[in-house]
Peer 1: 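After the structure tokens below, expect a handful of questions from me.
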Amino acid sequence: MPAIAVKTKAYAAASPTEPLAPFEIERREPGDDDVVIEIKFCGICHSDIHQVRDEWGGTKFPIVPGHEIVGVISQVGSGVTKFKVGDRAGVGCFVASCGECENCTHGLEQFCAKGAAFTYNSFEMDKKTATYGGYSERIVVNERYVLRVPDALPLDATAPLLCAGITLYSPLRHWKAGPGKRVAIVGLGGLGHMGVKLAHAMGAEVTVLSQSKAKEADAKRLGADHYFATEDKAVFTTLAGRFDLIINTVSAVLDWNAYLGMLKTDSTMVLLGIPDNDVPLDAGSLVRGRKSLSGSMIGGIEETQEMLDFCARHDIVSDIELTAIGDVNAAYDRVVKSDVRYRFVIDMSTL
Ligand SMILES: [Zn+2]
Ligand SMILES: [Zn+2]
């Protein structure tokens with residue numbers, strides 16, 4: 001029997017130079033292990049903008065972005081055990097993976113050896129069915145890749161946890177941020193503000209390293225113990241050898257060698273962004289002090305659930321500004337100018 005398609009309203013860009021506009025997509029009829037989620041809110045991630053504008057190359061048009069999805073389950077397949085109709089649910093940056101490779105079986109589905117099926121601008125695991133994201137009425141996903149959203153969390157401000165939240169939670173956990181650890185968060189934007197909240201809740205001593213003094217009061221409000229403006233180069237001397245962990249949320253080219261100088265012996269700087277250009281690295285920055293430079297990308301399903309449960313226990317959500325879907329193009333322009341504190345979330349009831 002051919003699968004029945006479910007007509008679904010969405011917002012899509014037809015080309016890199018056109019704004020997002022109303023569009024209709026088809027979602028698959030749910031299979032045995034699928035749930036249907038009526039999308040209530042979807043966060044705007046900077047990577048949505050990069051892909052809509054084809055700044056990374058290779059975008060498949062039309063593109064329906066959005067991978068910070070929260071909503072309510074409206075239908076479940078016959079084999080679904082984790083969810084029932086009416087449950088609050090979330091979907092992050094991927095909607096499927098092979099489930100069998102070493103990474104998938106170790107909870108690292110984002111690094112699936114066969115390539116995860118990312119939530120949009122990607123393909124399902126058949127490598128031919130296009131995926132469409134959360135700027136849409138509903139989404140159909142195998143329950144294994146769907147997160148439970150705890151009742152304690154408000155749906156709107158929870159949306160950004162599905163990408164920005166897990167992007168910070170995973171490295172903070174992996175490199176053991178906690179009591180007695182000095183953690184620096186470089187950059188206070190959508191990612192950085194989640195890093196401050198999460199590292200503070202984990203019990204670490206948190207320092208924000210931002211370009212100017214502009215966000216100091218905000219950083220302290222979010223939970224930072226210390227704040228330094230890196231436009232003052234004396235900061236790199238003052239803070240030499242200070243940190244157990246530096247999380248660099250900035251995609252722009254920074255002098256990594258200068259930042260590595262602020263690490264203690266045996267400590268790590270983790271990169272979350274990918275600069276457009278190569279960044280010069282002096283091996284001496286690592287050799288002197290047995291330091292590490294690493295990277296991290298979102299997190300697996302089990303860890304993403306752990307993050308949501310942690311946020312519910314610690315009363316953590318994103319600082320958001322709600323926007324209507326009709327204003328999404330204007331919101332993009334403001335994100336590019338860093339003119340939002342700290343994440344736009346689309347109210348999908350406006351679709
Ligand atoms: Zn994202
Ligand atoms: Zn896999």
Side-chain angles (χ1 to χ4, degrees), residues 13 20 33 39 41-53 55-56 59 63-70 90-127 131-136 139 141-142 144-145 147 157-171 187 189-195 198 247-251 271-274 295-304 307-308 317-320 323 328 331-332 335-336 338 340 342-346:
L20 289 155
D33 300 323
I39 300 173
F41 297 98
C42 186
I44 297 178
C45 175
H46 209 135
S47 65
D48 298 349
I49 302 171
H50 288 305
Q51 291 174 83
V52 162
R53 297 181 177 174
E55 290 164 355
W56 291 342
T59 294
I63 176 176
V64 176
H67 59 204
E68 296 183 337
I69 300 167
V70 290
V91 176
C93 298
F94 55 92
V95 289
S97 69
C98 84
E100 293 166 352
C101 72
E102 191 171 346
N103 287 329
C104 283
T105 54
H106 287 79
L108 296 168
E109 298 94 339
Q110 73 273 32
F111 303 131
C112 175
K114 293 185 181 162
F118 291 96
T119 303
Y120 66 84
N121 191 26
S122 177
F123 294 110
E124 297 284 356
M125 293 310 288
D126 65 6
K127 305 294 179 191
T131 57
Y132 295 112
Y135 297 10
S136 59
I139 190 166
V141 184
N142 183 310
R144 181 172 171 173
Y145 299 91
L147 291 309
T158 293
L161 300 182
L162 276 307
C163 174
I166 186 60
T167 296
L168 274 294
Y169 183 89
S170 184
L191 295 177
H193 96 289
M194 289 311 311
L198 291 165
I247 307 236
N248 180 0
T249 74
V250 176
S251 296
L271 308 174
L272 302 183
I274 302 175
S296 186
M297 186 182 90
I298 48 176
I301 290 296
E302 190 181 332
E303 191 172 51
T304 304
M307 177 274 305
L308 288 171
V317 286
S318 176
D319 284 21
I320 63 161
T323 185
V328 67
Y332 273 23
V335 172
V336 170
S338 298
V340 58
Y342 281 89
R343 206 71 155 175
F344 276 112
V345 171
I346 306 166

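Numbering of ligands and ligand atoms starts at 1, following listing order. What you see below is based on every heavy atom in this structure, not just the backbone, and it leaves out hydrogens, waters and symmetry mates.
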Peer 1: Which heavy atom of Pro171 sits nearest a heavy atom of Ile247, and at what distance?
Peer 2: CB-CD1, 3.8 Å
Peer 1: Please state the angle at the Zn ion (ligand 2) spanned by SG of Cys112 and SG of Cys101: what is it, rounded to 10 degrees?
Peer 2: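 That angle is 120°.
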Peer 1: Does the shortest distance from the Zn ion (ligand 1) to an N/O/S atom of Cys45 fall below 2.8 Å?
Peer 2: yes
Peer 1: Looking at Glu68 and Arg343, is there a salt bridge between them, counting it only when a charged N and a carboxylate O are closer than 4.0 Å?
Peer 2: yes
Peer 1: Classify the ring geometry between His67 and Tyr120 as parallel (under 30°), tilted (30 to 60°) or perpendicular (over 60°).
Peer 2: tilted
Peer 1: Would you check if the Zn ion (ligand 1) lies under 2.8 Å from any N, O or S atom of Cys163?
Peer 2: yes
Peer 1: Need one value: angle at the Zn ion (ligand 2), Cys104 atom SG versus Cys98 atom SG, rounded to 10 degrees.
Peer 2: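 Vertex the Zn ion (ligand 2), arms to SG of Cys104 and SG of Cys98: 120°.
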Peer 1: Keeping the roles fixed (side chain from Thr119, backbone from Gly133), state whether a donor-acceptor pair exists under 3.5 Å.
Peer 2: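 No, the answer is negative, given that no donor and acceptor are paired below the 3.5 Å cut-off.
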